[in-house]
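Scope of the values below: all heavy atoms of this structure, side chains included, with no hydrogens, waters or symmetry mates.
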Amino acid sequence: MDNQTETTVGRHRKVILFPLPYQGHINPMLQLANLLYSKGFSITIFHTNFNKPKTTNYPHFTFKFILDNDPDDQRYSKLPLQGMGAFARVFLFNQIGGDQLRHQLELELLAKDEPPVSCLITDSLWHFAQSAADSLSLPRLVLRTSSLFCFLVYASLPLLDDLGYLSLSDNNRLEEHVIEFPVLKVKDIKKMAFKRDNDAIGEAICNMVKQTKASSGIIWNSFKELEEPELETVLRDIPAPSFLIPFPKHFTASSSSLLDQDRTFFPWLDQQPPNSVVYVSFGSVAQVNEKEFLEIAHGLEDSKRSFLWVVRPGFVEGSAWVEPLPDGFLGEKGRIVEWAPQQEVLAHEAVGAFWTHSGWNSTFESVCEGVPMICSPFWGDQPLDARYMSDVWKVAVYLENGWKREEISSAIRRVMVDEEGEDIRERARVLKQKLQVSLKKGGSSYESVDALVAYISSF
Ligand code: UDX
């Protein structure tokens, strides 16, 4: 973990990393940066003002602002700061950022008295970075912050669209399995909520896939044994090498948290019996309306299980925080916080289940700690992660019908109380064990780190 020994080798080579400015993307990129630093590389991080990382937590890195430095530039200064609207920056910078990135990279390449630049590593969604790097003959690797399975589904969006899945209006077909991805149901594809035409997200994904395939290598926050069939397909279809590295097992994401993490509940959590608390968090972007929020609250209460619930300010549309909750809701059973040190919570022996929105970081952090999941995905990769965890590895219960208090309390009890929950917990434990084995010398994850370091050193 964080106290991993550094190599004593001098820092002869520099790596420039450029994360997408969202929590679920910043965390794995800074975990990767820490890992490369621990292997002897000098680290420079390019970042936007919007959601800028907590630079003071990384005195050993050099940080450089890029893309949104001009507060008077109306193209981005007027964009929303919260919710999906904030994502418009990604589309905009992909359109207009090329020259600036190229210029900034040139400065790095020409810098005197600094180690030479080995390569650029960007988030895969910064697809515009490929041509900037190509124009300078600088190798660009991508960090893909979702699963391999998700990438393969995204890469098939044009096909899935041609087959009519994205625009399907026949509700009778929702439970059918998708022939091209048999693990998925038609409703999972619908729930991703993508269109191919006139849709900025759909377009960004198609460009992301194209430029990921054109990159010099792909780094995934995963491990071989978790997604072996998908890895075979990736290796067959993409010439660039792939490196699967389980970042949460190397460094925690706490130091890159954009929000302050509450730790005041730990004395309470420490007093709870093993596997007795359900941890509830829906990530850094998702929002619910007030009615849905109250269903979540009643579902938790009706389950009669203890809970630790992260309610991010702004999670409930139209509310600053938890105002819609009925008086006396918490009682003795629960704690609500604005933001938590999630990995530490998942590693706590009192935590018996994670009710999650199935963002990839959350999903994978749960896998890393062997914690069974209850999945309530919103969109994008989340329904794919939920299906994979519930139907492939069977370490999760998928709440497929939205926010209904009876179904919520029943799912919590299935995982926490019923005999079925014991089997789910055992499978989660076995999966965690596979991961531990992969981290040992000679294991797939261990070898992947060595291969990545050797590859970057070879440029
Ligand atoms: C987004 C998308 O929703 C997700 O589907 C995609 O895979 C990545 O980008 P987000 O919604 O924030 O990310 O979810 P997730 O990927 O789970 O990342 C959340 C991160 O925030 C995790 O690393 C988690 O540990 C951290 N977190 C969450 C905290 O540190 N504290 C909290 O209280 C909650």
Using the ring-ring contact (aromatic ring centres under 6.0 Å, His included) definition, which of the options Tyr279, Phe265, Phe293 pairs with Trp309?
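Testing Trp309 for a ring-ring contact (aromatic ring centres under 6.0 Å, His included) against Tyr279, Phe265, Phe293 leaves exactly one candidate, Phe293.
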Ring centroid separation for Tyr154 and Phe194, is it under 6.0 angstrom?
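Here the rings of Phe194 and Tyr154 have centres that are less than 6.0 Å from each other.
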When the aromatic ring centroids of Phe87 and Tyr22 are compared, is their separation below 6.0 Å?
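Close enough - the centres of the two rings lie under 6.0 Å apart.
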Are any of the side-chain nitrogens in [X] or [Y] under 4.0 Å away from the carboxylate oxygens of its partner?
X	Y	result
Glu108	Lys64	yes
Lys52	Asp68	no
Lys394	Glu426	no
Lys224	Glu228	yes

Heavy-atom count around Lys187 NZ within 6.0 Å, excluding the residue itself: above 12?
yes
Check the surroundings of atom CG in Asp260: do more than 12 heavy atoms from other residues, nucleotides or ligands lie under 6.0 Å from it?
no
Do [X] and [Y] have a side chain donor and acceptor closer than 3.5 Å?
X	Y	value
Ser42	Arg13	no
Asp134	Gln130	yes
Arg312	Ser284	no
Asp381	Ser146	yes

So which pairs with a foot in residues 221-242 pass ring-ring contact (aromatic ring centres under 6.0 Å, His included), sequence neighbours left out?
none
When the ring planes of [X] and [Y] are compared, do they come out parallel, tilted or perpendicular, using 30° and 60° as the limits?
X	Y	result
Tyr388	Phe149	tilted
Trp220	Phe151	perpendicular
Trp126	Phe93	tilted
Tyr58	Phe61	parallel

Applying the side chain to side chain contact (heavy atoms under 4.5 Å, CB included) test to Ser222, which of Glu230, Arg144, Glu227 qualifies?
Glu227
Per side chain to side chain contact (heavy atoms under 4.5 Å, CB included), Leu143 is matched among Leu125, Ile219, Ile245 by Ile219
Run the side-chain hydrogen bond (donor to acceptor under 3.5 Å, both in side chains) test on Gln342 and Glu365 for me, step by step, so that the C-alpha distance in whole Å, both residues' side-chain angles and the decisive distance to 0.1 Å come before the verdict.
CA-CA 8 Å; Gln342 179 160 299; Glu365 287 159 13; 2.9 Å; yes
Ring of Phe307, cation from Arg335 - is the NZ or CZ under 6.0 Å from the centre and inside 45° of the axis?
no
